[in-house]
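Reminder, nothing fancy here: chain letters follow the sequence lines and each chain counts from 1. These figures come from a predicted structure and were not determined experimentally.
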Protein chains: 2
Amino acid sequence: MIKENYTINSAELEKKTEWFIGKCREKGLKVTPQRLAIYRELMKTDEHPSAEMMYNKLRQDYPGISLDTVNRTLITLHEMGAANIVEGSGDSKRYDCNMDEHQHFKCIKCKKIYDFHHKPFDDIKLPPNINKKFKILRKTVYLEGICDICLEENE
Amino acid sequence: MIKENYTINSAELEKKTEWFIGKCREKGLKVTPQRLAIYRELMKTDEHPSAEMMYNKLRQDYPGISLDTVNRTLITLHEMGAANIVEGSGDSKRYDCNMDEHQHFKCIKCKKIYDFHHKPFDDIKLPPNINKKFKILRKTVYLEGICDICLEENE
DNA sequence: GTACTATATAGGAGTAAATCCTATTTGTCA
DNA sequence: TGACAAATAGGATTTACTCCTATATAGTAC
């Protein structure tokens, strides 16, 4: 259940590459060597790299690639639905001193954070192997999307 | 269930301040005017501020306060269990192109991110008022703690 | 294949957020 | 009330992007 030492086989890599090319075409995005390289490199790892980590890896095979391209492309991958940004990362740190059980919704447009409380979320049970392997200090249900105000403004 | 326009009354503010002072003493941390001011200011807002936002607010009453102190103190609050860092914020962006349903555990010490998959977490149901008010684009269960490797190193 | 055009890239400059450094100050406790 | 470890201010530095602009290139139209 905990996934480790993930390695993608080359058949899967090619299949996903085809899917990615289709997705680019569908969205009217050009299939550039850099985009392909970044997507393929991200598929080969399970270490949830940062842009900097990706840049250092990619430079070995593409010495001319720029950090800006890596940054831009990773965000493009995210926007086109080919990658995610891991929860505890991104944007600047935001603080909250309400220590009562509650959950957060974050608007990805205006960056506003809304509290809500749904009791069943306080009690979700972790699989036992997680508790055995790691010391869990925090367990949250986290939502992202567009808030009502931003939704209205878009029309 | 969605909490809005939160204002703390002064009785509650004083009660929490007392609790905070006790917590500082318990942890051997000095009760400085800056710490108190930062904690009290954070309690008065529900906007989940960044350090910069806090700094700008606090400067009105404490013209000499430094941004570094605000940053350090907010992290101290977090470490002593008096504040949280909201999930979609902090550290540099980390990417993941595995779009199959899965969850993340992040080690707060080594920053490594582990995938795991617990099927019941794929199906958690949101309260209907959330879906009505916001457009939900992402719904995740997110864990933080110390990984097995860092736990071992600490002994 | 050739030409066109909108998109993407490289590389450097600029910006935002956070951290580091060091002299000074200040809670805390003996 | 004095000693000292801890905390702060303020500036320097680092990190993590983001912006700018000239050049290059993928996709398309001929």
Check the distance between [N]'s [atom2] and [X]'s [atom1] and give it to me in whole angstrom.
X     : N      : atom1 : atom2 : value
A:K27 : C:dA8  : NZ    : C1'   : 18 Å
B:I85 : C:dA17 : CD1   : P     : 15 Å
B:L77 : D:dA7  : CG    : C1'   : 14 Å
A:M53 : D:dC17 : CE    : P     : 12 Å
A:E52 : D:dT14 : CD    : C1'   : 11 Å
B:R25 : D:dA6  : CZ    : P     : 16 Å
A:L36 : D:dT25 : CG    : C1'   : 14 Å
B:R94 : D:dA16 : CZ    : P     : 11 Å

Of the listed nucleotides ([options]), which one gets closest to any side-chain atom of [X]?
X     : options                : answer
B:K30 : D:dG27, D:dT18, D:dA5  : D:dA5
A:D68 : C:dA10, C:dC20, D:dA26 : C:dA10
A:S92 : D:dT8, D:dC17, C:dA17  : C:dA17
B:N71 : C:dA10, D:dC17, C:dA18 : C:dA18

Sorted by position of nearest nucleotide on DNA chain C, 5' first, the leading residue of B:T32 and A:L29 is A:L29
Assert: residue with more 5' nearest nucleotide on DNA chain C, out of B:P33 and A:I65, is A:I65
Does B:K119 pair with B:D123 as a salt bridge, N-O distance under 4.0 Å? no
Quick check: are there more than 12 heavy atoms from other residues, nucleotides or ligands sitting under 6.0 Å from NZ of A:K135? no
Would you call the rings of A:Y114 and B:F134 parallel, tilted or perpendicular if under 30° counts as parallel and over 60° as perpendicular? tilted
NE2 of A:H118 to CG of A:D122, rounded to nearest 0.5 Å, is 9.5 Å
Does a side-chain N or O of [X] approach OP1 or OP2 of [N] to a distance below 4.0 Å, or not?
X     : N      : answer
A:R72 : C:dA8  : no
B:Q34 : C:dT26 : no
A:R35 : C:dA8  : yes
B:K93 : D:dT18 : yes

Answer yes if the side chains of A:R35 and A:T32 hold a donor-acceptor pair under 3.5 Å, and no otherwise. no
For the residue pair B:T69 and B:S66, confirm or rule out a side-chain donor-acceptor distance under 3.5 Å. yes
With a 4.0 Å cut-off on heavy atoms, is A:I75 in touch with a base, just the backbone sugar-phosphate, or nothing at all? sugar-phosphate
Categorize B:P63 for me: base, sugar-phosphate, or nothing, with a 4.0 angstrom heavy-atom threshold over every strand shown. nothing
5′-ward residue of the pair B:T69/B:D91 relative to DNA chain D: B:T69
